Amino acid sequence: MEKIPMTAGGHAALEKELKQLKSVERPAIIRAIAEAREHGDLSENAEYHSAKEKQSFIEGRIKEIEGILSLAEVIDPAKLSGSIKFGATVTLVDEDTDEEKTYQIVGEHEASIENGLLNIKSPIARALIGKEEGDSVEVRTPGGDRAYEVIKVVYL
């Protein structure tokens, strides 16, 4: 199996979600199923079927997170430097609109574009890998071709 690159923050967030699912969500759904069973005929019991469906989702998510964590390779960006690579926090300026954006390149399981966490497998991240401050980058995105200039690269 291939290792999954991840920052310490992403690893901690998954561990926190796993703990929440196991210690809060799982016991709550078990109680809900037991309560729904007490209402009698299970074939027409919407509460029971809904609780079982939620239990299936929770158990699936627990297995998924455990699998991700077992393959995770935590990389500390603070120990890195040089050209852009995993963990870099990159400030870009759109060459057409002069709009500045800052992203950290992270693993796919912790990516959140709204929070400035860019999936390492995304077109922008792939185009940035290996570049340095001052370089221009052409990126083919679903919205069309974009040109960015790398303003700053830091490893936090």
Side-chain angles (χ1 to χ4, degrees), residues 1-30 32-33 49-156:
M1 281 271 166
E2 190 177 318
K3 287 286 187 185
I4 299 171
M6 191 173 292
T7 63
H11 192 269
L14 281 177
E15 284 183 326
K16 181 180 177 186
E17 182 182 351
L18 182 61
K19 184 178 180 183
Q20 169 76 12
L21 288 169
K22 284 183 166 183
S23 64
V24 177
E25 301 288 331
R26 183 187 268 168
I29 201 66
I30 289 170
I33 290 169
H49 293 290
S50 173
K52 288 297 281 184
E53 194 173 298
K54 186 171 181 182
Q55 180 187 35
S56 176
F57 172 79
I58 290 170
E59 294 302 325
R61 183 67 180 148
I62 287 171
K63 284 192 182 348
E64 179 184 15
I65 293 171
E66 288 175 339
I68 293 166
L69 291 175
S70 73
L71 296 172
E73 179 180 351
V74 179
I75 298 171
D76 183 2
K79 295 179 180 173
L80 304 173
S81 62
S83 63
I84 298 172
K85 54 184 123 333
F86 181 88
T89 300
V90 183
T91 302
L92 307 170
V93 64
D94 187 312
E95 293 181 350
D96 296 330
T97 65
D98 287 335
E99 181 183 356
E100 266 192 36
K101 296 179 180 177
T102 301
Y103 298 111
Q104 182 180 19
I105 299 175
V106 298
E108 64 183 308
H109 297 286
E110 57 189 314
S112 168
I113 197 75
E114 300 84 27
N115 297 321
L117 300 174
L118 194 61
N119 183 344
I120 184 96
K121 295 181 178 179
S122 71
I124 296 174
R126 288 196 318 256
L128 289 171
I129 299 296
K131 301 291 190 261
E132 311 240 350
E133 287 182 12
D135 287 352
S136 277
V137 181
E138 292 280 333
V139 181
R140 180 158 296 191
T141 67
D145 291 350
R146 306 298 297 227
Y148 297 99
E149 181 180 343
V150 179
I151 303 294
K152 189 164 98 175
V153 179
V154 293
Y155 292 90
L156 306 171

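On a predicted model such as this, the values are computed, not experimentally measured, just so you know. For the single chain, residues carry numbers from 1 onward in sequence order.
A salt bridge is defined here as a Lys NZ or Arg NE, NH1 or NH2 lying under 4.0 Å from an Asp or Glu carboxylate O, and Lys152 with Glu100 fails to meet this definition. Salt bridge status for Glu59 with Arg26: present, with a side-chain N to carboxylate O gap under 4.0 Å. Here Lys63 does not pair with Glu66 in a salt bridge; the nearest charged N to carboxylate O distance is not below 4.0 Å.
Exactly one residue among Thr102, Thr91, Thr89 makes a side chain to side chain contact (heavy atoms under 4.5 Å, CB included) with Val154. That residue is Thr89.
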Q: Starting from the C-alpha separation in whole Å, work towards a yes-or-no answer on side-chain contact (heavy atoms from CB on, under 4.5 Å) for Met6 and Ile68.
A: CA-CA 10 Å; Met6 191 173 292; Ile68 293 166; 3.6 Å; yes
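Interatomic distance, Ser112 OG to Asn119 CG, rounded to the nearest 0.5 Å: 11.0 Å. The distance from atom CZ of Phe86 to atom CD of Glu73, rounded to the nearest 0.5 Å, is 9.0 Å. Phe57 CZ to Ile62 CD1: the interatomic distance, rounded to the nearest 0.5 Å, is 10.0 Å. In this structure, Ile4 CD1 and Glu108 CD are separated by 7.0 Å, a value rounded to the nearest 0.5 Å. Once rounded to the nearest 0.5 Å, the distance linking CG of Leu117 with OG of Ser122 reads 11.5 Å. Rounding to the nearest 0.5 angstrom, the gap separating the CG atom in Leu71 from the CD atom in Glu2 is 9.0 Å.
When side chains are defined from C-beta on, Ile105 counts as touching Ile129, because their heavy atoms get closer than 4.5 Å. With a 4.5 Å cut-off on side-chain heavy atoms, Leu92 and Val150 count as touching. Two residues are said to be in side-chain contact when any heavy atoms from C-beta on lie closer than 4.5 Å; Ile33 and Lys52 meet this criterion. Residues Glu132 and Ser83 are in side-chain contact: their nearest non-hydrogen atoms beyond the backbone lie under 4.5 Å apart. Contact of the Thr7 side chain with the Ile75 side chain is not registered, since no non-hydrogen atoms from C-beta on lie closer than 4.5 Å. Side chains of Glu15 and Lys19 form no contact here, defined as non-hydrogen atoms less than 4.5 Å apart. Two residues are said to be in side-chain contact when any heavy atoms from C-beta on lie closer than 4.5 Å; Leu14 and Glu17 meet this criterion. Using a 4.5 Å heavy-atom cutoff, the side chains of Glu110 and Gln104 are not in contact.
For the residue pair Val139 and Ala127, the shortest heavy atom distance occurs at CG2-CB, 3.8 Å. Nearest heavy-atom pair across Ile84 and Ala88 is CG2-CB, 4.2 Å. Between Asp76 and Leu80, the shortest heavy-atom distance links the atoms O-CG, 4.0 Å. What you find for Pro77 and Gly87 is that their closest heavy atoms are CB-O, 3.4 Å.
Panel note: side chain Glu149, backbone Val93; no donor-acceptor pair is recorded below 3.5 Å. With hydrogens and angles disregarded, a donor-acceptor distance shorter than 3.5 Å links the side chain of Tyr155 to the backbone of Lys85.
With a 6.0 Å radius and a threshold of 12 heavy atoms from other residues, nucleotides or ligands, Arg140 has its CZ atom at or below the threshold.
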